[in-house]
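The structure appears right after this line, and notes come after that.
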Amino acid sequence: MHGRMMLEPLLISSLLRHAERHAGETEIVSKRVEGDLHRSNWREVARRSRQAAQAFARLGCVPGDRVGTLAWNGHRHLEIYYGTSGSGLVCHTINPRLFPEQVAWIVNDAADRVLCFDTTFLPLVEKIAPMLTTVQYFVVMTSRAHMPAVSSLPGLLCFDDLLAPEDGGYAWPTFDENTASSLCYTSGTTGHPKGALYSHRSTVLHAYAAALPDAMACASRDVVLPVVPMFHVNAWGLPYAAALVGCKLVMPGPHLDGKSLYELFEAEQVTFSAGVPTVWLGLLNHVNAHGLKFSSFKRTVIGGSACPPAMMASLQQDYGVEVIHAWGMTELSPLGTLSKLTTRQQSLPPEQQQRLLEKQGRVIYGVDMAVIDDDGRSLPCDGRSAGNLVVRGHWVIGRYFGQDDSPLVSVDGEPGWFPTGDVATIDADGFMQITDRSKDVIKSGGEWISSIELENIAMAHPGVQEAAVIAAHHPKWDERPLLVVVKKPGAAVTRDELLAFYEGRIAKWQIPDDVVFVAELPHTATGKLHKLRLREQLRSDT
Ligand code: ADP
């Protein structure tokens, strides 16, 4: 017997319709590429999204077609998000920080029919255009007044002009909730990028879960500033969760330096933000250097790579900003776990609470996880047994875009789990802790050493700006940890001082063998330490 409830497919357009009808006046503020601060609201964004849907149809796009974007966080990008997915097209966000050849490869692999981009990316698009095999239209996301005067690309379209003749009198179509909605490629640090093709259903369920109190806890009274770019796993779902709760969104555009961010946080009274650790380094340096405080900023999600405990402590203790450490990945839309304490844990001594908060946290409903050994057997949840982390759930990929092979593995003989490539422990309370990516773990004399743990200790030293630990080949132990450090400006820290700093903080055999000082560390296009490149650099230097 079926239940007798209405069957409404979980469509992305329903999020926007909700925000338009019930939070229409709530603001969407964008610091634009053009330099101005643009003010809009959900009603206006909804109208322009419908116009965008009409305009893409006028260009000949049909459901399933991919529309690529190379753009910062801003209202036009949001309008393309909703205008494409809402009308059955696929919004394909592309990371402009990748190498141009990689961007071209991704556009071709996705077979994008339209490519929309901010004026800042015109040189990139001009460079890759001769390599593109599927793009028919190039759309500059700006107004007529800011269109480039000259370009090697013929027939450039202007986004605002494209919308102008449309009346916005468009009814969002109803279709199967499993229809593809957006496409995002992994950054490909270990080979060709792979596409994660999300569906309307997975996106709406992820938005629900993201907004839960034990997750990002988004509420209508929040002012949300996603520092995480909209080209990085849909800004961790915030553009959708914000519509779901109908809150104010503040979009920073390309202005991601500490000073610009601080000024925007204050001017718009931002309460909540999210981003990778590197962006908080810039913001913290700025507020530290100028003795500033935040007047409205209350909490932030930090993820994408391990949040150094020293950064967490500074944000919490010096600035009163709650840090929610989160783990996820492109293949997970991206949210998997967040560090929120249970009632019992809140009565533990403060140091124990802190140690728990530094872990990557508990899963939210919708995702399940386990740690397994190399033979696919599950390991105990004892907080000590480290194994390969596998996940499954409503917003976890089952296959990569365009690939027939299943990446899934079995756990204790049960098929259907996605191997994350991370190594982790899970404790009895369900708190997961990433100890490494499987390719970064240091295997010393048959034992595993966590590079993240060693990096976190180094980052707690007052003279250290950034630290990376990689495996150095060793004739006896196979691999030994090597610490690579960027000093804080003006700091005079030495090798011996840093190695001594590890004593008493970690088992003696895990202390790095040596320290190398460098001017800067290589990062991936998503702001993570690029350990593969670092290993290559150090090899070619020696
Ligand atoms: P890519 O896999 O292409 O680098 P993702 O952004 O999908 O791009 O990266 C996901 C990976 O980032 C995870 O598998 C994990 O290794 C790492 N990661 C994400 N969040 C955290 C975190 N809080 N702590 C440690 N590692 C993290």
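Only this structure's heavy atoms are used, side chains among them; waters, hydrogens and symmetry mates stay out. Order of listing sets the numbers, starting from 1, for every ligand and every atom in it.
Using modelled atom types, one finds no donor on one side chain facing an acceptor on the other under 3.5 Å when comparing Trp417 with Asp368. Between Asn108 and Thr133, the side chains place a donor N or O and an acceptor N or O closer than 3.5 Å (distance only, hydrogens not considered). Counting only N and O atoms by type, the side chains of Thr278 and His523 include no donor and acceptor under 3.5 Å apart.
Residue-to-ligand polar distances keep Ile434 apart from ligand 1: every N/O pair is separated by 3.5 Å or more. Residue Gln360 places at least one N or O, backbone or side chain, under 3.5 Å from an N or O of ligand 1.
With a 4.0 Å heavy-atom cut-off, ligand 1 is reached by the backbone of Met329 and by its side chain too. With a heavy-atom cut-off of 4.0 Å, Asp422 touches ligand 1 through its side chain alone. Within the 4.0 Å heavy-atom criterion, the part of Ala326 lying near ligand 1 is the backbone and not the side chain. Contacts between Ser305 and ligand 1 below 4.0 angstrom, taking non-hydrogen atoms only, involve the backbone exclusively.
Interface atoms of ligand 1 facing Ala306, defined by a heavy-atom separation under 4.0 Å, are 22 (C), 24 (N), 25 (C), 26 (N). Distances below 4.0 Å separate heavy atoms of His232 from the following atoms of ligand 1: 6 (O). Near His325, meaning under 4.0 Å from one of its heavy atoms, ligand 1 places the atoms 22 (C), 23 (N), 24 (N). Every atom of ligand 1 with a heavy atom of Thr186 under 4.0 Å away is listed here by number and element: 3 (O). Near Gly304, meaning under 4.0 Å from any of its heavy atoms, are these atoms of ligand 1: 12 (O), 17 (C), 18 (N), 19 (C), 20 (N), 21 (C), 27 (C).
Taking the six-membered ring for Trp, His206 and Tyr198 have ring centres at least 6.0 Å apart.
Remark: Tyr365 OH is loosely packed, at most 12 non-hydrogen atoms of other residues, nucleotides or ligands lying under 6.0 Å away.
Comparing Glu331, Met432, Arg437 against atom 2 (O) of ligand 1, the shortest heavy-atom distance belongs to Arg437.
Here the CZ-CG distance, from Phe231 to Asn95, works out to 5.0 Å after rounding to the nearest 0.5 Å.
Under a 3.5 Å cut-off, the side chain of Thr300 and the backbone N or O of Val323 do not form any donor-acceptor pair.
The side-chain contact (heavy atoms from CB on, under 4.5 Å) test applied to Gln433 returns Lys359, Gln360, Thr425, not counting sequence neighbours.
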